[in-house]
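Below: one structure, written as structure tokens.
Numbered from 1 within each chain, the chains take letters A, B, ... in sequence-line order.
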Protein chains: 2
Amino acid sequence: MPKTPPQCPMDSILRLLMGPWTTYIIWVLSDQGPQRFGALKRAVPGISTRMLTERLRMLQGAGVIWREQEQTIPPAVTYGLTSRGNDLRGVLDTLGHIAERWKDEGVFAEDELGTV
Amino acid sequence: MPKTPPQCPMDSILRLLMGPWTTYIIWVLSDQGPQRFGALKRAVPGISTRMLTERLRMLQGAGVIWREQEQTIPPAVTYGLTSRGNDLRGVLDTLGHIAERWKDEGVFAEDELGTV
DNA sequence: TAAAGTAGGAACGGAAAAGTAACTGCCTAT
DNA sequence: ATAGGCAGTTACTTTTCCGTTCCTACTTTA
């Protein structure tokens, strides 16, 4: 029994975006432009290096971000959004608007049982 | 240290959509119209009643779906999308298109290391 | 009379995700 | 000489999720 219906690529893309930090990382890269590893870590408060590395690898593997390593001696690695990343930008933006509207309506408060 | 930056409602909404089945349920409800519990379970192959119940409660709590219970003796419960659910529909639709395009490009295949 | 369907609820258990901490090698600044 | 930053990696531990199984109460059908 496949736990993810394979005919639905939605699931794959959601699996990609799902992690607790993923969209935040994309957001930072889209809002503040390409960033180095350390800067990203500082921009996403509370994330561990482990998670950040993993997410970046994942996003890179999907071609959502690029990675540019300068072979200087303290190696400088910069990450930025690819065109695919920008595809996501629009969706995330829309979703962000919806989220804000919902927040104003109190959806994420504690409990809201008004049968809309 | 808050593990989810609270100023970002995006995270809440993603947390809502994230589950492996959530978007699929919304998809079914948007594609096939309001459905009863059993029908939904049949439409989402492989989901357990536990998961389905939990997701439905969650979505209902967020006002994304409505729940209508008829007090007949084998109780008939029907679920459908609210206006908020339809908000999501558009986003999911866009995301679906992106996902399909990416799939055609082989993003979700095994490995794709072309530095785009 | 027994089985099955309706819409779930409660409990248990394994697996996967995520956080923590320690370590790398090299260089720069103190 | 040593501490700290860069960009991670590895191991360990915890937590959380998710599936499975069993249960409800009632009715209809075989």
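Between the CD1 atom of I47(A) and the P atom of dA7(D) there is a distance of 15 Å, given to the nearest Å. For the pair E54(A) CD and dA7(D) C1', the computed distance is 16 Å after rounding to whole Å. Here dA18(C) presents its P atom at 14 Å from CG of L52(A), a figure rounded to the nearest Å. Rounded to whole angstrom, the span from the CG atom of L16(A) across to the P atom of dA17(C) amounts to 14 Å. Protein atom CD of E70(A) is 13 Å distant from nucleotide atom C1' of dC6(D), rounded to whole Å. Counting to the nearest Å, the C1' atom of dT20(D) and the NZ atom of K41(B) are 11 Å from each other.
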Between the protein and nucleotides 6-13 of chain C, which nitrogen or oxygen pairs are less than 3.5 angstrom apart?
| unit_1 | atom_1 | unit_2 | atom_2 | d |
| --- | --- | --- | --- | --- |
| dT6(C) | OP1 | R42(B) | NH2 | 2.9 |
| dT6(C) | O3' | R36(B) | NH2 | 2.9 |
| dT6(C) | O3' | P75(B) | O | 3.4 |
| dA7(C) | OP1 | R36(B) | NE | 3.0 |
| dA7(C) | OP1 | R36(B) | NH2 | 2.8 |
| dA7(C) | OP1 | V77(B) | N | 3.3 |
| dA7(C) | OP2 | G38(B) | N | 3.2 |
| dG8(C) | OP1 | R57(B) | NH2 | 3.2 |
| dG8(C) | OP1 | R67(B) | NH1 | 2.4 |
| dG8(C) | OP2 | Y79(B) | OH | 2.6 |
| dA11(C) | N6 | R50(B) | NE | 3.2 |

Show me, pair by pair, the donor-acceptor contacts under 3.5 angstrom made by side chains of residues 46-56 of chain A, not counting sequence neighbours?
| unit_1 | atom_1 | unit_2 | atom_2 | d |
| --- | --- | --- | --- | --- |
| S48(A) | OG | M51(A) | N | 3.3 |
| R50(A) | NH1 | E54(A) | OE1 | 3.3 |
| T53(A) | OG1 | T49(A) | O | 2.8 |

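Checked against salt bridge (Lys or Arg N to Asp or Glu O under 4.0 Å), R36(A) has no partners two or more places apart in sequence or in another chain.
Side chains of L16(A) and V64(A) form a contact here, defined as non-hydrogen atoms less than 4.5 Å apart. Residues W21(B) and V28(B) have side chains not in contact (no heavy-atom distance under 4.5 Å, counting atoms from C-beta outward). Considering only heavy atoms from C-beta on, L29(B) comes within 4.5 Å of L40(B) through its side chain.
When all heavy atoms are compared, the tightest approach of S30(A) to R89(A) is O-NH1, 3.4 Å.
The side chain of W21(B) places an N or O atom within less than 4.0 Å of a non-bridging phosphate oxygen (OP1 or OP2) of dG19(D).
For M51(A), the listed nucleotide lying nearest its side chain is dA18(C); candidates were dT20(D), dC18(D), dA18(C).
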